[in-house]
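Just so it is clear, the values below take in all heavy atoms, side chains as well, and ignore hydrogens, waters and symmetry mates. Since the model is a prediction, treat every value here as computed from it, not as a measurement. So you know, we letter chains A, B, ... as the sequences are listed, proteins then strands, and number each from 1.
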Number of protein chains: 2
Amino acid sequence: MNSQTLKPYVIGLDLGGTNSVFGIVDSRGDIKATTAIKTQGFATVGDYVNAAVEALQIIIDQVGGMEKIKSMGIGAPNANYYKGTVEYAPNISWAHDCIVPLAGMFSERLGVPVAITNDANAAAIGEMTYGVARGMKNFIMLTLGTGVGSGIVVNGQLVYGSDGFAGELGHVIMRRENGRLCGCGRHGCLETYCSATGVARTAREFLAQSSEPSLLRSLDPEAITSLDVSLAAAKGDKLSQRVYRFTGNMLGEACADFMVFSSPEAFIFFGGLTKAGDLLMDPIKESFNRHVFSIYKDKAQFLVSGLDGSSAAVLGASAVGWDL
Amino acid sequence: MNSQTLKPYVIGLDLGGTNSVFGIVDSRGDIKATTAIKTQGFATVGDYVNAAVEALQIIIDQVGGMEKIKSMGIGAPNANYYKGTVEYAPNISWAHDCIVPLAGMFSERLGVPVAITNDANAAAIGEMTYGVARGMKNFIMLTLGTGVGSGIVVNGQLVYGSDGFAGELGHVIMRRENGRLCGCGRHGCLETYCSATGVARTAREFLAQSSEPSLLRSLDPEAITSLDVSLAAAKGDKLSQRVYRFTGNMLGEACADFMVFSSPEAFIFFGGLTKAGDLLMDPIKESFNRHVFSIYKDKAQFLVSGLDGSSAAVLGASAVGWDL
């Protein structure tokens with residue numbers, strides 16, 4: 001009997017700006033039990049961990065107690081894998097102005113090893129463990145949500161870099177002149193164009209630049225979302241279709257640059273924007289082949305995550321725990 | 001007695017467009033014997049290998065015969081580590097229109113394992129084995145010669161990617177609008193600006209754009225080299241100094257983008273342009289800190305190769321052999 005049969009489960013925690021979702025997962029990626037708490041509303045990280053452990057205890061008991069749990073993996077914004085910390089996370093009240101040793105705190109309370117990494121890295125590990133990247137040694141995961149996150153796998157290992165913060169591909173500069181202002185304070189970052197908020201921003205720009213008719217004109221410009229744009233595009237709205245072509249075109253250009261770095265066998269896309277399907281993926285592929293250095297032409301696959309959206313983040317987080 | 005004492009030497013071959021330089025190297029990086037042949041002038045790769053082995057035999061005998069040789073490492077343009085080949089190398093007559101299994105051919109003739117990789121990767125491995133990158137697990141080597149080459153090390157391993165061709169950082173696009181035409185057929189590649197030829201091109205542009213006095217005006221514009229520009233800059237020539245500031249500024253911008261990928265602890269520069277010293281390195285550092293995503297500020301070192309220029313390429317090639 002090996003240790004996995006003795007301790008068949010790992011706890012995964014998808015720590016988001018709003019909700020913290022917990023799952024107890026087996027080695028096949030089956031989620032045996034889940035629970036959730038609000039992430040915010042705690043004065044300190046200690047209060048957060050107390051509430052989390054209290055909620056966790058119920059589902060731990062459901063699967064047979066802590067003796068069935070091998071370890072815990074956490075996916076969180078601004079997480080540092082090497083140090084086990086969450087550092088200056090702008091959207092988490094108990095971690096926005098400090099460094100919080102979250103992995104160590106959970107480990108102390110639960111008595112098992114705990115690893116933490118950022119959400120996009122967790123998604124990449126989840127994809128490699130349970131998803132479309134099984135068996136791949138070199139791929140790049142791009143998460144297209146409110147921002148653009150990334151997890152880079154080279155030689156079968158996640159790239160953490162010298163400081164634990166490698167893989168911030170949302171912050172390569174795509175437009176060096178007149179680039180859009182980014183939340184990071186610089187201009188022209190990929191995520192100002194190719195995130196959900198970037199798509200809405202592009203739609204507002206296109207609407208302002210012409211008087212071309214569009215289904216989007218019936219909406220309050222400030223309230224337009226990437227989903228509105230993809231729904232309008234699906235109905236044949238030309239302006240909305242151009243927004244996705246623009247977005248896919250830039251993602252293809254970016255992937256062409258990423259290709260010269262690690263020559264991955266696949267780019268895997270995850271997150272809200274991928275719901276647009278071929279509307280986004282077709283221009284990405286077309287633009288990649290048009291922009292890439294010729295030796296890489298047609299060498300990369302462009303895939304959408306194979307994990308169910310609602311559980312993918314928890315699965316990814318749990319996968320971080322298996323390596324412990 | 002371990003295998004290194006039994007077989008204390010590795011053969012290194014720096015295969016350049018003009019010369020092929022061979023060295024027999026021990027584990028401390030001491031070159032025990034060297035020889036060289038012309039790279040060109042052979043009708044086939046077979047003729048080249050015959051001439052190489054003939055020349056090698058003399059220095060092999062000098063160090064005690066093949067029983068002292070553990071393996072061989074080759075640094076060559078357009079080399080593929082996985083396949084042991086040189087593929088469509090534009091500047092090598094016997095490999096410019098075909099795929100040549102060079103590693104296998106040398107291995108068959110010498111009876112030892114042979115590994116091959118591109119020259120910039122060899123430089124990175126050399127730096128890690130004998131140079132300023134000893135002990136580093138994450139760094140990026142940039143070779144600034146006729147072109148811009150690169151070797152990327154992540155988690156202590158060279159990044160070869162899925163196809164063996166990863167690490168072509170000279171071909172990231174730095175200027176997407178009105179970028180300079182590159183030998184690769186695209187526009188705006190880093191190497192069109194930050195190679196030795198790029199520096200000469202910048203000097204010609206600056207000379208044409210104004211009538212500012214410059215020591216360079218006494219030269220035939222088409223014959224200006226990066227060395228001319230750095231000599232003039234050292235004499236206080238303002239225009240030449242601006243050429244190096246422009247070049248260093250763009251290298252700093254590029255490194256800022258590379259940083260978000262693998263967060264290396266150092267960028268290491270090698271090749272002709274580094275002879276300009278602080279004239280190049282100061283603007284690189286200044287520009288990097290101005291352009292980089294704030295979480296990476298002041299985290300990377302900017303170093304010049306610690307290997308003696310004349311032997312660095314042979315040492316790098318030999319280091320590729322130690323891993324076999």
**Report entry** ring pair (Phe, Tyr, Trp, His ring centres under 6.0 Å) partners for A:F139, two or more places apart
**Finding:** none
Query raised in the report: Can A:F261 and B:V154 be said to form a side-chain contact (heavy atoms from CB on, under 4.5 Å), step by step?
Result: CA-CA 11 Å; A:F261 211 102; B:V154 164; 5.6 Å; no
Compile a table of inter-chain donor-acceptor pairs under 3.5 Å between chain A and chain B, counting both main-chain and side-chain atoms.
residue	atom	partner	partner atom	Å
A:N155	ND2	B:Q157	OE1	3.0
A:Q157	OE1	B:N155	ND2	3.0
A:S162	N	B:S263	O	2.8
A:S162	OG	B:S263	O	2.9
A:D163	OD1	B:S263	OG	2.6
A:D163	OD2	B:S263	OG	3.3
A:D163	OD2	B:K299	NZ	2.8
A:F165	O	B:Y296	OH	2.6
A:G167	N	B:V260	O	2.8
A:G167	N	B:F261	O	3.0
A:E168	N	B:V260	O	2.8
A:I173	N	B:D257	OD1	3.1
A:M174	O	B:R176	NE	3.4
A:R176	NE	B:M174	O	3.4
A:R176	NH1	B:E253	OE1	2.9
A:R176	NH2	B:D257	OD2	2.9
A:R186	NH1	B:H291	O	2.6
A:E253	OE1	B:R176	NH1	2.9
A:D257	OD1	B:I173	N	3.1
A:D257	OD2	B:R176	NH2	2.9
A:V260	O	B:G167	N	2.8
A:V260	O	B:E168	N	2.8
A:F261	O	B:G167	N	3.0
A:S263	O	B:S162	N	2.8
A:S263	O	B:S162	OG	2.9
A:S263	OG	B:D163	OD1	2.6
A:S263	OG	B:D163	OD2	3.3
A:H291	O	B:R186	NH1	2.6
A:Y296	OH	B:F165	O	2.6
A:K299	NZ	B:D163	OD2	2.8

**Report entry** Heavy-atom proximity to chain B below 4.5 Å, by part of A:I152
**Finding:** side chain
Report task. Tell me, for B:V153 versus chain A, whether the close heavy atoms (under 4.5 Å) come from the side chain, the backbone, both or neither. Result -> neither
Query - A:M174 portion near chain B, given a 4.5 angstrom heavy-atom threshold - result: both
Query raised in the report: How would you list, by chain and number, every residue that makes a side chain to side chain contact (heavy atoms under 4.5 Å, CB included) with B:A103, sequence neighbours excluded?
Result: B:V114, B:I116
Query raised in the report: By ring pair (Phe, Tyr, Trp, His ring centres under 6.0 Å), which residues pair with B:F246, not counting sequence neighbours?
Result: B:F206
Query raised in the report: Is it the side chain or the backbone of A:L158 that comes within 4.5 Å of chain B heavy atoms, both, or neither?
Result: backbone
